[in-house]
Number of protein chains: 2
Amino acid sequence: MNATDTRERILGRMFQDIHKNGFQGLRADRVIADMGITKGALYHYFPSKDAIGLAVIAEIIEPSYLAFFRSLEQAKGHPIDLLKDHLQELADKASPDDIYLGCPLNNLVQEMSPLNEDFRQRLKVVMDGMIHYSTRALERGVAQGQVKADTDCAAVASFMVAGMEGAYGVAKVQKSLSSFHRNIQQLLNYLELFRM
Amino acid sequence: MNATDTRERILGRMFQDIHKNGFQGLRADRVIADMGITKGALYHYFPSKDAIGLAVIAEIIEPSYLAFFRSLEQAKGHPIDLLKDHLQELADKASPDDIYLGCPLNNLVQEMSPLNEDFRQRLKVVMDGMIHYSTRALERGVAQGQVKADTDCAAVASFMVAGMEGAYGVAKVQKSLSSFHRNIQQLLNYLELFRM
DNA sequence: TTGCGCATACCAACTAGTATGTATACATTT
DNA sequence: AAATGTATACATACTAGTTGGTATGCGCAA
C-alpha cells in the first residue's frame with residue numbers, strides 16, 4: 001500500500017460521503033475511521049476539510065464529467081447524435097442509487113456556491129466546460145450543415161446541461177428512475193429540434 | 001408583539017438562513033441571537049431543529065410555490081400562455097441574490113432528500129403539486145383544442161419543472177442572471193412547441 | 001540518519017438540546 | 001373586588017457530545 005494509493009483511497013471515500021451527506025455533512029473523521037485509518041493519515045495528505053472538498057472536485061468530479069465533453073473535440077459523427085447518445089447512456093446506466101443520491105456535481109453546486117467562492121469557481125469551470133464543448137460541437141454541426149443554421153448553439157448547450165441537472169433533481173425528490181428517464185427523453189426531443 | 005408574531009418571525013429568519021446555508025448549515029442559536037431573542041423562545045415554539053425545517057417547508061415554501069399552480073385550476077386563458085407568463089415573471093422578478101442563493105425548494109431537495117425521509121416527502125408534495133396542476137392545465141388545453149392533441153401533458157409539465165430548477169442551478173454556479181434568463185427563454189421556446 | 005507515512009493523544013470551539021426560573025395575562029375562587 | 005391559581009411566553013445557565021484541527025511520537029525505507 002504505497003502513499004499515492006492511500007491518498008486516492010481517502011479521496012474516493014470522501015467523495016462517496018460527500019455524495020450522500022453533502023460537504024457540510026461530511027464527517028471526515030468518521031470516514032477515515034470506517035477505512036481503518038486515523039487522522040494522522042488524513043491530515044498528512046490534506047491540510048484542511050476544505051482542501052478535501054476541492055481535491056474531490058479537481059481530481060474526481062471534474063475528470064469524470066469533462067471526459068466525454070472534451071472528447072467531442074475529436075469526435076466524428078452528428079453532434080446531435082453524440083449529445084443524445086451521451087444523455088441516453090446516462091439514463092441507461094443510472095442506478096436507483098445514482099438517482100436517489102443525485103448528481104454529485106449538481107449537489108455540490110447547490111450546496112456550496114453561495115458558501116465558498118473557491119468551491120464555486122472550481123465547480124463553475126466544470127459546468128462551463130460541459131457547456132463550452134457542447135457549444136463547439138453544435139457550432140461545427142452548423143458549419144457542416146448538420147445543425148440548423150439559425151441555432152443559438154450556446155443557448156441550446158446551456159439548456160441541455162440545465163435540463164440534465166433539473167432531471168436529476170426532480171427524480172431525486174421523487175425517488176424515481178422512471179421520472180429521470182421521462183425527463184431525459186423530453187430533453188432528447190428538444191435536442192432533435194435543431195437537427196438540419 | 002404577540003405569540004404568533006414571534007413564531008412567524010422566527011420561521012422567516014430560519015428560512016433566510018436555510019436559504020443561504022442549507023439546513024445542515026443552519027445554526028439556529030446564531031439566528032435567534034441575531035434576532036435578539038434566546039433559546040427559550042425557540043424551543044418554546046419548536047421541539048427540535050428538524051421541526052424548524054419541516055415548518056419552513058410547510059408554512060413558507062409550499063404556499064409560496066403552490067399558490068400559482070393551484071390558481072391554474074380556475075384560470076382562464078391559454079394554458080401555454082399561463083405557464084409561460086409565470087416563468088417569464090420568475091425571470092423578470094429574479095434579483096441577483098435570488099440567483100446567487102438559488103431556488104429554496106431545489107436547494108432543500110438536493111440537500112435533504114437522501115438524508116431525511118420526512119423532508120423528502122414534504123418536498124415531493126410541493127414538486128408533485130407543481131407538476132400535477134400544470135399537467136391538468138395542459139390537459140384542459142388539449143380538451144379545448146388549445147394544446148396539440150398528441151401532447152404527453154405529464155411529461156411536458158414534469159420537464160418544465162425540471163428545466164426551471166436546472167436553470168436556477170446553472171445560473172447559481174455561474175452567478176449570472178443573464179444565464180438564468182437565457183435558459184428560461186429556451187424553456188419558453190420548448191413550451192411553445194405544444195401550442196395548437 | 002533523515003524524511004516519509006502514519007498512529008496516538010489531545011484540545012478548543014461549537015452545537016443541539018435541557019433544566020429551571022420568571023414575568024405577565026387571564027381565569028377562577030372567595 | 002381582592003386573592004389566588006394557572007398557562008403562556010419567554011430568559012438564563014448549563015451539559016453532553018461532536019468536530020475540525022494540532023502536537024508529538026514512532027517505525028521503516030532509502
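Throughout, protein chains are lettered first and strands after them, A, B, ... in sequence-line order, and every chain is numbered starting at 1. Hydrogens, waters and symmetry mates play no part in the numbers below; they use all other heavy atoms, side chains included. No experiment lies behind these values; they were computed from the predicted model shown.
The phosphate of D/dT18 has neither OP1 nor OP2 within less than 4.0 Å of any side-chain N or O from A/Arg27. In this model, the phosphate group of C/dA19 is not approached by any side-chain N or O of B/Tyr43 to a distance below 4.0 Å at OP1 or OP2. A close approach under 4.0 Å does occur between a side-chain nitrogen or oxygen of B/His44 and OP1 or OP2 of D/dA9.
Across the protein-nucleic acid pair, B/Phe46 atom CZ and D/dC10 atom P stand 12 Å apart, rounded to whole Å. At whole-Å resolution of the value, CZ in B/Arg30 and P in C/dA13 are 18 Å apart. Regarding A/Arg9, its CZ atom lies at a distance of 13 Å from the C1' atom of C/dG5, rounded to whole Å. Spacing between atom CG of B/Leu42 and atom P of D/dT8 amounts to 18 Å, rounded to whole angstrom units. Between the P atom of D/dT18 and the CD1 atom of A/Ile32 lies a distance of 16 Å, rounded to the nearest Å. Between B/Gln24 atom CD and C/dA16 atom C1' the separation is 14 Å, expressed in whole Å. Per the geometry, CG belonging to B/Asn21 stands 11 Å off P belonging to C/dT15, to the nearest Å. Rounded to whole angstrom, the span from the CG atom of B/Asp29 across to the C1' atom of D/dA11 amounts to 15 Å.
Heavy-atom contacts from other residues, nucleotides or ligands closer than 6.0 Å to NZ of A/Lys175 number more than 12. Counting non-hydrogen atoms of other residues, nucleotides and ligands closer than 6.0 Å to CZ of A/Arg136 gives a total of 12 or fewer.
Residues A/Gly40 and A/Phe23 each lie close to DNA chain D; by heavy-atom proximity, the contact nearer the 5' end of the strand is made by A/Phe23.
Expressed to the nearest 0.5 Å, how far CG of B/Leu177 lies from CG of B/Asp98 amounts to 8.5 Å.
Side-chain N/O atoms of B/Lys39 and base N/O atoms of D/dA11 include no donor-acceptor pair closer than 3.5 Å.
Contacts between residues 47-59 of chain A and DNA chain D, defined by a heavy-atom separation below 4.0 Å, involve A/Ser48, A/Lys49, listed by number.
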Taking distance alone, no hydrogens or angles, what donor-acceptor pairs closer than 3.5 Å link side-chain atoms of residues 47-69 of chain B to residues at least two apart or in another chain?
| residue | atom | partner | partner atom | Å |
| --- | --- | --- | --- | --- |
| B/Ser48 | OG | B/Ala51 | N | 3.2 |
| B/Lys49 | NZ | B/Phe23 | O | 3.1 |
| B/Lys49 | NZ | B/Leu26 | O | 3.2 |
| B/Asp50 | OD2 | B/Asn116 | ND2 | 3.4 |
| B/Glu59 | OE1 | B/Arg7 | NH2 | 2.6 |
| B/Glu59 | OE2 | B/Arg7 | NH2 | 2.5 |
| B/Glu62 | OE1 | B/Arg122 | NH1 | 3.2 |
| B/Ser64 | OG | B/Ile61 | O | 3.2 |

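B/Ser113 places none of its side-chain heavy atoms less than 4.5 Å from the side chain of B/Phe119.
Residue B/Leu26 is classed as a sugar-phosphate contact, given heavy-atom separations below 4.0 Å to backbone atoms only.
Judged purely by distance below 3.5 Å, without hydrogens or angles, the side chains of A/Lys172 and A/Asn107 pair a donor atom with an acceptor atom. For B/Gln110 and A/Tyr168, the side-chain atoms include no donor-acceptor pair closer than 3.5 Å.
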